[in-house]
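What follows is a set of notes on a single structure, which appears directly below.
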Amino acid sequence: MTILVDPDHPDIFTQEPYRSDLDRWAQHAEGEGRYVILFCGDEVQKIEAGPAALSATTDRDALRAQA
């Protein structure tokens, strides 16, 4: 699954209801050997399942490091 985030709101996906949806989708995808990818402008991130997985993503430098 591919998620496109508006670059004018790069941290919106870390807030509810998006955060819970992404976590649920990532858990489901991982169970099938798939993954969820998030694009925000030129930055790319694989969404990992679990509550702590999205906590570091509010820092744009952290997004770059994971790409």
Side-chain angles (χ1 to χ4, degrees):
M1 177 182 286
T2 302
I3 308 295
L4 303 176
V5 176
D6 182 346
D8 291 336
H9 304 280
D11 300 330
I12 194 73
F13 71 95
T14 64
Q15 301 171 20
E16 293 299 340
Y18 311 109
R19 181 183 178 120
S20 294
D21 288 342
L22 287 170
D23 184 56
R24 188 176 66 253
W25 296 338
Q27 287 177 3
H28 181 76
E30 288 175 10
E32 296 183 351
R34 300 176 185 207
Y35 47 87
V36 175
I37 298 293
L38 183 137
F39 289 87
C40 184
D42 292 334
E43 298 173 7
V44 180
Q45 176 183 2
K46 177 182 176 190
I47 301 297
E48 302 286 346
L54 295 175
S55 62
T57 57
T58 56
D59 183 345
R60 295 181 70 87
D61 291 332
L63 282 171
R64 284 191 189 96
Q66 294 177 10

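Note that the structure is predicted; figures quoted are calculated from it, not measured.
Expressed to the nearest 0.5 Å, how far CD1 of I47 lies from CZ of R24 amounts to 14.0 Å. Of the inter-residue distances, the one linking I3 atom CD1 with W25 atom CH2 reads 5.0 Å to the nearest 0.5 angstrom.
Here the shortest heavy-atom pairing between P7 and C40 reads CA-SG, 3.9 Å. Residues E48 and D23 come closest through the heavy atom pair O-OD1, 4.4 Å.
Under the rule for a side-chain contact (heavy atoms from CB on, under 4.5 Å), the partners of D6 that lie at least two apart in sequence or sit in another chain are D8, H9.
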Check: residues 29-37 side-chain donor-acceptor pairs under 3.5 Å, at least two apart:
unit_1, atom_1, unit_2, atom_2, d
E30, OE2, A49, N, 3.2
E32, OE2, H28, NE2, 3.3

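In this structure, the side chains of F13 and L38 come closer than 4.5 Å at one or more pairs of heavy atoms.
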